[in-house]
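Along the sequence shown, residues are numbered consecutively beginning with 1. The basis for the numbers below is simple: all heavy atoms, side chains too, and nothing from hydrogens, waters or symmetry mates.
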Amino acid sequence: MNKEVDAYIAQSADFAKPILSRLRYLIHEVCPYVEETIKWGHPHFEYKGLMCNMAAFKSYCAFGFWKAALMENAIELKENNADAVAHSGKIKRLADLPPDKIIMDRIKEAMKLNEDDINLPERKASDKKPAIIVPFILGKELVKHKKASDTFNNLSPYHKREYIQWIEEAKTEEAKKKRILTTTEWLTEGKTRNWKYVKK
């Protein structure tokens, strides 16, 4: 157990805590030698390499496998996004999780892939994600703050999408404006969206 993962779960929304705790329990139940870490702002679980990950967002949780494309239910697991922690869809309550047996069978399959040293095929150029579209309201604000703009431009596509998704998930214009201001503040300080969970 990693204290940073403890903190991640403790700081998540109330609806997310039992979901994340259940997933964590099942992973350790199936794979006693799993190691926990925080990567890209979310809890990851390693066993002979990266195996699976989970995350809590504002209104849902997600759970994914690093080698989902090679797993038996690859189409189902990849339908949301092979690179996102979303292979089980948007989990908004504990009841949305697949049955324990299904989750545990998938974990066993992910373990076997790592044990057998089976790797994902190299991504072809055609598999690359489309260009990132910066919301007009964010772009307008970044123009006013050079340091924030420079930080954003130097972020990886993954971290850029984290900020954009967070802003676009705001339910009201007022909430969106507040997130824009917070984004600008954090970027000025050189921070990623989930900087609180980044391992120091």
Side-chain angles (χ1 to χ4, degrees), residues 1-6 8-9 12 16 18-57 60-92 94-132 155-166 192-194 197-199:
M1 296 288 187
N2 186 318
K3 290 183 178 179
E4 289 182 297
V5 176
D6 290 338
Y8 182 95
I9 294 174
S12 298
I19 297 170
L20 299 177
S21 296
R22 186 62 185 170
L23 288 169
R24 188 188 196 187
Y25 167 78
L26 292 173
I27 292 166
H28 281 271
E29 183 73 10
V30 175
C31 186
Y33 299 106
V34 72
E35 294 183 7
E36 300 182 340
T37 184
I38 296 289
K39 291 182 181 290
W40 305 294
H42 305 300
H44 281 64
F45 300 86
E46 298 184 23
Y47 170 71
K48 299 182 183 297
L50 288 171
M51 185 173 71
C52 56
N53 43 41
M54 64 184 187
F57 300 101
Y60 66 93
C61 292
F63 177 54
F65 293 92
W66 192 252
K67 297 179 180 178
L70 301 176
M71 295 174 71
E72 184 177 348
N73 298 316
I75 295 177
E76 175 190 348
L77 294 172
K78 289 180 66 180
E79 63 183 359
N80 289 291
N81 188 331
D83 291 325
V85 281
H87 303 141
S88 292
K90 293 184 177 181
I91 307 164
K92 299 183 178 181
L94 202 56
D96 291 339
L97 283 173
D100 286 356
K101 185 180 185 307
I102 291 178
I103 296 174
M104 295 171 81
D105 285 346
R106 287 178 177 173
I107 295 168
K108 289 176 185 176
E109 186 179 359
M111 288 174 61
K112 188 70 164 56
L113 287 170
N114 283 0
E115 287 173 345
D116 295 343
D117 199 26
I118 299 175
N119 297 313
L120 289 166
E122 289 188 14
R123 177 177 288 187
K124 299 177 182 178
S126 59
D127 293 331
K128 291 182 179 178
K129 291 184 177 181
I132 295 172
L155 289 177
S156 68
Y158 179 89
H159 285 123
K160 287 179 181 177
R161 289 190 178 93
E162 278 191 325
Y163 268 122
I164 292 171
Q165 180 182 14
W166 183 54
T192 59
R193 159 73 180 94
N194 289 296
Y197 308 114
V198 176
K199 189 173 184 179

Would you indicate whether the side-chain heavy atoms of [Y] and [X] approach each other to under 4.5 Å?
X    : Y    : value
E109 : K112 : no
R193 : L155 : no
R161 : Y158 : no

Less than 6.0 angstrom separating the ring centers of F63 and H42, yes or no? no
If I compare all heavy atoms of [X] with all of [Y], which pair ends up nearest, and what's the gap?
X    : Y    : answer
I19  : K92  : CD1-C, 3.9 Å
G41  : N194 : CA-CB, 3.8 Å
I38  : V5   : CD1-CG2, 4.1 Å
D96  : K90  : OD2-O, 4.3 Å
L70  : N119 : CD1-O, 3.6 Å
N114 : L50  : ND2-O, 3.1 Å

Between Y8 and A56 (side chain of the first, backbone of the second, donor and acceptor by atom type, cut-off under 3.5 Å), is there such a pair? yes
With distance as the sole test, does K67 use its side chain to make a donor-acceptor pair with the main-chain N or O of I118 at under 3.5 Å? yes
Determine, stepwise, if the pair L26 / D100 fulfils side-chain contact (heavy atoms from CB on, under 4.5 Å). CA-CA 8 Å; L26 292 173; D100 286 356; 3.6 Å; yes
Working to the nearest 0.5 Å, report the span between CD of E115 and CG of L113. 9.5 Å
What do you reckon, is CD of E35 surrounded by more than 12 foreign heavy atoms closer than 6.0 Å? no
Please say whether more than 12 non-hydrogen atoms of neighbouring residues, nucleotides or ligands are located less than 6.0 Å from NZ in K48. no
So, applying side-chain contact (heavy atoms from CB on, under 4.5 Å) with V34, which one of R24, M51, E46 is it? M51
Of W40, F65, W66, which meets side-chain contact (heavy atoms from CB on, under 4.5 Å) against N53? W66
